[in-house]
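A short worksheet on the structure shown next.
Note: hydrogens, waters and symmetry copies are ignored here, and every other heavy atom, side chains too, is used. Just so it is clear, the model here is predicted, and its values are computed rather than measured.
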Amino acid sequence: EYLVYRRKVLFEDRSQGLGGQAAEFAKELDAVQAQINNFLVENHMSDYESERTANQNLLATTRQELLATISRRTEAQGRFSSTNAYYAKEPSEVRLSFESDNSKRLIELQQQLAELLTKYTEQSQPVQDMRRRIDALENVINSPQGKNSGNVKIGPNPVRDSLATDRARNNAEVVASQDREKILQEQVNQLEARAMQIAQIRPQYEELMRKKAVLEEQVKQFSTRELAASAQSKLNAMSNDNIRVIEHAVVPTKGSSLKKFVAMGAILFGLFCGLVAGLIRVLSRSSFPTSKSVGRSLGIPVLATINR
């Protein structure tokens, strides 16, 4: 029984108490974790930091795409305006070709001139005559009457058709850019609203995470202390096993009186108090008790004394 009592007094096992405290903190930690999970579910998140970072990155990317789309739309509008201006100036139909007898005759004369130059010099009479005939025919062709005579072929203006194609392509690009710009602007608005919502709930999330960190640290500390206390208890039990009882304690059967010791102590205390009182009186006197003590102390004879 003594050894058991000795273990309880000297080597108290605190591991159970520390374990219970660690379990209480663990319960509180589970409750806080449940609050964090509910918080994430209510705000449609799987992880707050990942959601915030992803939203920021997506918002930055969408804004860049929006600016690039606005730039492309502006360029397309400029091209469309320029193309539309040129398109309005071009006629819808133009003269595609002009054929007349004089034109055919001019070609024949030019061929004959080329043949003459192979046989005669430039100053020869046949060559000069042929050049005069060609010049006269060209004057006829270039005269107002010559321009109107013959077969004139009129058709769609190819330049206008090409401008119409460019105009339609630029207009389609403008419309597509406007539609894309509208969609991107809506996405930017949604992402900005989401970013604002995330910023508003951040203090609540940080408070929950702070509680979680504190409780985790408490659980860690008490678990460590529990293990240390348990190990210390085992070591103490091992060191206590080498104690053996040499003689068991016995309850005395005879009583003993302390009156003599008390009386002797009282006498000694009285003598000590008397001695101290005498010393105090002697040391505290400011006069001499006898005339002889005066002579011994001062070294002069006493001639007379006066009694009080």
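L208 is connected to I201 through a chain of hydrophobic side-chain contacts under 4.5 Å among Ile, Leu, Val, Met, Phe, Trp and Tyr, so both are in one cluster. The cluster map of Ile, Leu, Val, Met, Phe, Trp and Tyr, joined by side-chain heavy atoms under 4.5 Å apart, puts I198 and I36 in the same cluster. Transitive grouping of hydrophobic side chains (ILVMFWY, heavy atoms separated by less than 4.5 Å) keeps L67 and L191 in distinct clusters. By the criterion of side-chain heavy atoms lying less than 4.5 angstrom apart, applied directly or through intervening Ile, Leu, Val, Met, Phe, Trp or Tyr residues, I183 is not grouped with V175; the two fall into different hydrophobic clusters. A chain of hydrophobic side-chain contacts below 4.5 Å, direct or via other Ile, Leu, Val, Met, Phe, Trp or Tyr residues, connects V32 to V219.
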Q: Test R72 against E75 for salt bridge (Lys or Arg N to Asp or Glu O under 4.0 Å), laying out the working first.
A: CA-CA 5 Å; R72 288 195 296 269; E75 293 176 358; over 6 Å; no
Q: Take N171 and R167 through the test side-chain contact (heavy atoms from CB on, under 4.5 Å) and record every step on the way to the result.
A: CA-CA 6 Å; N171 185 41; R167 176 171 171 268; 5.6 Å; no
Q: Test side-chain contact (heavy atoms from CB on, under 4.5 Å) on E192 and R63 and set out the steps.
A: CA-CA 10 Å; E192 288 178 347; R63 283 175 174 170; 2.8 Å; yes
Q) When you look at E51 and R194, which way does the salt bridge (Lys or Arg N to Asp or Glu O under 4.0 Å) test go after all the steps? A) CA-CA 10 Å; E51 182 75 17; R194 181 61 172 170; 3.6 Å; yes
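Looking at R180 and E65, a side-chain N of the basic residue comes within less than 4.0 Å of a carboxylate O on the acidic one, giving a salt bridge. Salt bridge absent: E173 and R73 never bring a charged side-chain N and a carboxylate O closer than 4.0 Å. Using a cutoff of 4.0 Å between basic side-chain nitrogens and carboxylate oxygens, D30 and K27 are not scored as salt-bridged. Between E217 and K220 there is no salt bridge, since no side-chain N of the basic residue sits under 4.0 Å from a carboxylate O of the acidic one.
Remark: side-chain polar atoms of N57 are paired, donor with acceptor, to backbone N or O of T53 under 3.5 angstrom. A donor-acceptor pair under 3.5 Å is absent between the side-chain atoms of S82 and the main chain of G78, judged by distance alone. Panel note: side chain S124, backbone T121; a donor-acceptor pair is recorded below 3.5 Å.
Heavy-atom minimum distance, Y48 versus R202: OH-CB, 2.9 Å.
If you run side chain to side chain donor-acceptor pair (under 3.5 Å) between T83 and each of N170, D166, T165, only N170 comes through. Checking I70, T69, L66 one by one against Q185, the side chain to side chain contact (heavy atoms under 4.5 Å, CB included) holds for a single residue, L66.
Distance NZ/K212 to CD/Q33: 4.0 Å, rounded to 0.5 Å. Here the CG atom belonging to L184 is positioned 11.5 Å from the OG1 atom belonging to T61, to the nearest 0.5 angstrom.
A donor and an acceptor atom, one from each side chain of Q190 and E186, are nowhere located under 3.5 Å apart. If you check the side chains of N38 and E42, you find no donor sitting under 3.5 Å from an acceptor.
Y205 places a side-chain heavy atom less than 4.5 Å from the side chain of E49.
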